[in-house]
2 protein chains.
Amino acid sequence: MASSNNHSSTRTNTRSSTVSRILDAAENLFAQHGFAETSLRSITSQAGVNLAAVNYHFGSKKELIQAVFTRFLDPFCQRLSERLDEFENRGKNEQPTLEDMLHLLVDEMTAVPHSTAQLETFMRLLALAYNQTQGHLKKYLELTYRDVFERYMKLLIGAAPTMPAVEIYWRINFILGASLFTMSEAPTLQAIAERDYGIQEPLESVMRRMVPFMAAGMRSGQVQLGQALQQD
Amino acid sequence: MASSNNHSSTRTNTRSSTVSRILDAAENLFAQHGFAETSLRSITSQAGVNLAAVNYHFGSKKELIQAVFTRFLDPFCQRLSERLDEFENRGKNEQPTLEDMLHLLVDEMTAVPHSTAQLETFMRLLALAYNQTQGHLKKYLELTYRDVFERYMKLLIGAAPTMPAVEIYWRINFILGASLFTMSEAPTLQAIAERDYGIQEPLESVMRRMVPFMAAGMRSGQVQLGQALQQD
DNA sequence: TGTACATCAGTGAACGCGCGTTCACTGATGTAC
DNA sequence: TGTACATCAGTGAACGCGCGTTCACTGATGTAC
């Protein structure tokens, strides 16, 4: 059934809402229960379509999972790539700072989804994908989006303070982990924050909170002459 | 079958190696493939025991999963609790620092497992457990280990710099996320570090790298009179 | 304009498979008298 | 010391269930002549 997969892009009648209904339902159910724990029956019944429609339109459950990610990541990487073009073309003395690079990600992640709820949902999916140990999904994502990822990393390393490359490497992973966790657990964490501190804030605001934390972590141990107290 | 579960602790003949063989196999396979993706058949065949032995000794797959966590977390929390006693009894002017509190966790986590490999395995399991959305596991862990967790948090907050409580709350979650991610992905990340930078280091060393990063992140934006450059 | 055919989205029912769990059973060990 | 019984760990085979996938089919729409 892999060949019939092509129809959905060649024949993009807006009436083929079945495809997007399936994607919507899959996105939410996967985020709530995980990939293995979500059955095609629960997806198709929530979407109000026939069970066989998933295999008809996507070929298999695997390919449906990939399609859910593609729908978010394609426009995200497209936008990110354009912003990276601009950064790369800047002169030597107007290179982006660490904070610029971090805010850039927040900007583009919040730009793609239709709602805050959808952003939270997708962050959960990203974290789930990362936690998959030996699945097809991780390989698929690495392969598909490697180019943009590597361009971003190059600029980020350029903005990082001078220190051994391996130290930068580890700190970038600390940042990545903090982001994935915070955003994928956002709804839970926000609820606790509201209950315990009475403070209600949108996900984007939480993401902005991460920037000074991460920038300071990256710069830790680095002697900053004259600018020790103005770094965020 | 829940009642037959009690035997394994009352009758602790060392010959009941079936139980620990099952736990060993389950620990590794769960970490490699996730809970839902690991069948009892694969666990029992790797352990070299009969399929029905899991239900006989543990009652159900759910309870096996919980037992895997208990085996690590019980001694860990026991040790941690004793260290917390000591910290809590200290005088006002010898309170533990942020770094003390972070190193404390590293100390006790590395003390429990038999090998580095087992530590990595267990960190994967912890991250998997956290990523479970609405499972029995998260509730079970929260309920069972809440007390020690809350005592640790109280001391950590006491060691944190003066800033709005909600800011501390978010930053602690950033730390938690960075830790879970780094440690659960440790084998992969270590392999990349060795390939790209030729540096081979044990997991404990990576965990120690996190301490200054996190401490600096926690203190970001905080004015540090006179001690600005000696904080790690 | 009318007819024949091809293409497509979508359907209903069934398929085989692997899963967690159950159950009657065996054999070894410990205990009571 | 010997016998009867209870308790326990472990077993082999089967159970029913939910899963992803398949397949023959329908009906609507587009195209060729």
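Only heavy atoms go into these numbers, but all of them, side chains included; no hydrogens, no water, no symmetry mates. Labels below follow one simple rule: chain letters A, B, ... track the order of the sequence lines, proteins then strands, and each chain is numbered from 1. Computed from a predicted structure; not experimentally measured.
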DNA chain C-proximal residues of residues 36-52 of chain B, any heavy atom under 4.0 Å
B:Thr38, B:Ser39, B:Leu40, B:Arg41, B:Leu51, B:Ala52
Take atom OH of B:Tyr56 and atom P of D:dA13, then tell me their distance rounded to the nearest Å.
20 Å
Test: A:Asp107 and A:Arg79 ion pair at under 4.0 Å:
no
Taking atom C1' of D:dT21 as reference, at what distance in whole Å does atom CD of A:Glu63 sit?
13 Å
Interatomic distance where NZ belongs to A:Lys62 and C1' belongs to D:dC19 [whole Å]:
16 Å
What is the distance, rounded to the nearest whole Å, between atom CG of A:Asn55 and atom C1' of D:dA24?
16 Å
Please report the distance, rounded to the nearest Å, between CG in B:Leu64 and C1' in C:dT21.
14 Å
Quick one: list whatever passes side chain to side chain contact (heavy atoms under 4.5 Å, CB included) with A:Val211, sequence neighbours left out.
A:Glu99, A:Leu102, A:His103
Output the rounded distance in Å from CD1 (B:Ile65) to C1' (C:dG20).
12 Å
Heavy-atom pair of closest approach, residues B:Ala160 and B:Ile168:
CB-CD1, 3.9 Å
When rounded to whole Å, the CZ to P distance for the pair A:Phe58 and C:dG10 reads 11 Å
Does a side-chain N or O from A:Thr18 land closer than 4.0 Å to OP1 or OP2 of C:dG10, or not?
yes
Between A:Arg208 and A:Glu204, is there a salt bridge with N-O shorter than 4.0 Å?
yes
With pairs defined as Watson-Crick or G-U wobble and both distances under 3.5 angstrom, please note down DNA chain C as a dot-bracket string, | for pairing with another strand.
.||||||||||||||||||||||||||||||||
D:dG18 P sits how many Å from A:Lys61 NZ, rounded?
15 Å
Parallel, tilted or perpendicular: rings of A:Phe122 and A:Phe72 (30°, 60°)
parallel
Who passes salt bridge (Lys or Arg N to Asp or Glu O under 4.0 Å) against A:Glu120, sequence neighbours left out?
none
Tell me, which pairs form a salt bridge (Lys or Arg N to Asp or Glu O under 4.0 Å) where one or both residues lie in residues 29-57 of chain B, sequence neighbours left out?
none
If we only count heavy atoms from C-beta on, is the B:Tyr130 to A:Phe181 side-chain gap below 4.5 Å?
yes
Ignoring the backbone of A:His57, work out which of D:dT21, C:dT21, C:dA9 is nearest its side chain.
C:dA9
Salt bridge (Lys or Arg N to Asp or Glu O under 4.0 Å): which pairs involve residues 192-203 of chain B, sequence neighbours left out?
B:Glu201-B:Arg209
